[in-house]
Number of protein chains: 2
Amino acid sequence: MKHLPHKTIERLSQYRRALLLCHEKGKSHIYSHEIAKIQHITAVQVRRDLMLIGYTGTLRKGYNVKELIDLIGIIIDSEDGLHVAIIGMGNLGRALINYFAGKRSKLKIVAGFDTNPDKIGNTMSGVPCYSIEDMAKIVLENDIKIGILTVPADHAIATADLLVKAGIKGILNYTPKPVNVPKEVYLEEYDMITTLEKVAFYVKLQEMDEE
Amino acid sequence: MKHLPHKTIERLSQYRRALLLCHEKGKSHIYSHEIAKIQHITAVQVRRDLMLIGYTGTLRKGYNVKELIDLIGIIIDSEDGLHVAIIGMGNLGRALINYFAGKRSKLKIVAGFDTNPDKIGNTMSGVPCYSIEDMAKIVLENDIKIGILTVPADHAIATADLLVKAGIKGILNYTPKPVNVPKEVYLEEYDMITTLEKVAFYVKLQEMDEE
DNA sequence: GTATTTTTGTTAAAAAATTCACATTGTGAA
DNA sequence: TTCACAATGTGAATTTTTTAACAAAAATAC
């Protein structure tokens, strides 16, 4: 199964989420075109992705929901789970914590960091908030592998450096500032402003076409 | 200049942001490799994107920062700007409002919507919060073109339907639930859980490679 | 004034991602 | 039984995106 395309990885995560819902509803099998419909993609794409992970459905019955959930888990999850920290307990940081709260998943948010003394020492939705100064210690003690960067833009670069020094393995940067990391740290950046500008562009385009 | 690739649109938005910073610092020209460095991409890619929008730099001097900012604006912005609404004034919604607060941009968040009576009628970071029931009216009155969906997952689909009925032209869905819209509405979905799972996957992969 | 360097612009090649097209085969209907 | 249908699985083609390669030309060095 060598190298899965990046896009396939993303879709697998989404398939699993959709499948979990189906499973809860008691659906035991699902067709590729049903999955496709939910995700707004084509059935071929779904089948191709599943082919890449070596999963085989049943002709005329589709895919076994439970089996597929488990297989996707084997592929994308770490066996023992991974610990995650949120750096920056502002609105965005808290939003992320709430997203995850209660989800039994292999990914667990175990710590938050902030500079605000009012937040440090408290717990938010079950996640303890520490001082950024203690990052190296906390990361080590809790075996934290991934950091989600949700600090104000001005602090993004310095904070990313701290994370790297603390020995983090992956960074998800939600600030609008690109950061630099050594190549052994996996970096994913996502910029909400860019996405909104993109939507705006296509809305504009559509309005222009109408004229 | 016909059809710009999707990825190019995204990068243009990012280039502009980087360029604005350079401009503030008084830098008048910039090389393709400087832009590339900031965005973690190659210089060829930058040049290719600029070629696609028909911008020409100066040999040995690079690109004129101000000119390029303006040109990108002409391409991706709507001339008169676009009004945006946030649907769901929770942590994520407020985070987005704060991101945009103070930015003089062609995109303006002019309204927020929520179901919580404590929030309705108040203003958050300058953005008035209305009842979701008044959506159609407010969208029309304020000429709102884009809606950012930040409601709880369970309400995503129903709220998206409301937005469509209200006549919105583009939806940016930040809930983990895919929604359906008619084809004349531009839809962009972004799922934080998927992104985090992707980071986790590549961190796992890296750890496995080390062994 | 000539050579060297550096940077742009672009054609062509490569790589990544998606879609087409269709063989295959269980299933149910006639 | 035989036929038609509906689904999977996948090689081949297509499309999209990125990268390589290099000509052209301005600036600098000598």
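Here is the naming used below: chain letters follow the sequence lines, and residue numbers restart at 1 for every chain. Scope of the values below: all heavy atoms of this structure, side chains included, with no hydrogens, waters or symmetry mates.
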Interatomic distance where NZ belongs to B:Lys7 and P belongs to C:dA16 [whole Å]:
12 Å
Taking atom C1' of D:dA25 as reference, at what distance in whole Å does atom NZ of B:Lys61 sit?
15 Å
Which of the following nucleotides, C:dT7, D:dG11, C:dA12, is nearest to the side chain of A:Arg48?
D:dG11
Consider the side chain of A:Ser32, meaning its heavy atoms from C-beta on, and name the nucleotide among D:dT8, D:dT19, D:dT10 that approaches it most closely.
D:dT8
Check if the side chain of B:Arg47 and the base of C:dT8 share a donor-acceptor pair of N or O atoms closer than 3.5 Å.
no
Once hydrogens and angles are ignored, does a donor-acceptor distance under 3.5 Å link the base of C:dT25 to the side chain of A:Arg60?
no
Closest nucleotide among D:dT19, C:dT7, C:dT25 to the B:Leu59 side chain:
C:dT7
Is B:Arg16 salt-bridged to B:Asp77, cutoff N-O under 4.0 Å?
yes
Between C1' of D:dA6 and CD of A:Glu34, the distance in whole Å:
13 Å
Taking only the side-chain heavy atoms of A:Tyr31 (C-beta and beyond), determine which of C:dT11, D:dT8, D:dA24 contains the nearest atom.
D:dT8
Separation of C:dA16 C1' from A:Asp49 CG (nearest whole Å):
13 Å
Separation of atom CE in B:Met51 from atom P in D:dT17, rounded to whole Å
14 Å
Taking only N and O in the side chain of A:Thr58, is any of them less than 4.0 Å away from OP1 or OP2 of D:dA7?
no
Closer to the 5' end of DNA chain C via nearest nucleotide, is it A:His6 or B:His33?
B:His33
Counting the atoms with a prime plus P, OP1 and OP2 as sugar-phosphate, which does A:Thr8 contact under 4.0 Å by heavy atoms, base, sugar-phosphate, or nothing?
nothing
Expressed as a whole number of angstroms, how long is the span from B:Gln45:CD to C:dT8:P?
15 Å
Can I get a per-line list of side-chain donor-acceptor pairs under 3.5 Å for residues 159-178 of chain A, giving both atom names and the distance, sequence neighbours left out?
| residue | atom | partner | partner atom | Å |
| --- | --- | --- | --- | --- |
| A:Thr159 | OG1 | A:His155 | O | 2.5 |
| A:Asn173 | OD1 | A:Thr175 | N | 2.9 |
| A:Asn173 | OD1 | A:Thr175 | OG1 | 2.8 |
| A:Asn173 | ND2 | A:Lys177 | O | 2.8 |
| A:Asn173 | ND2 | A:Glu189 | OE2 | 2.9 |
| A:Tyr174 | OH | B:Tyr190 | OH | 2.9 |
| A:Thr175 | OG1 | A:Lys177 | N | 3.2 |
| A:Thr175 | OG1 | A:Lys177 | O | 3.3 |

So, A:Lys145 and A:Asp143, do they make that salt bridge, N to O below 4.0 Å?
yes
When you check the side-chain N and O atoms of B:Arg11 and A:Thr194, is any donor under 3.5 Å from an acceptor?
no
Does B:Lys204 pair with A:Glu79 as a salt bridge, N-O distance under 4.0 Å?
no
Between A:Gly57 and B:Arg11, who's closer to the 5' end of DNA chain D by nearest nucleotide?
A:Gly57
Between CG of B:Leu4 and P of D:dT18 the distance, given in whole Å, is 13 Å
Rounding to a whole Å, what distance do you find between A:Leu52:CG and D:dT10:P?
10 Å
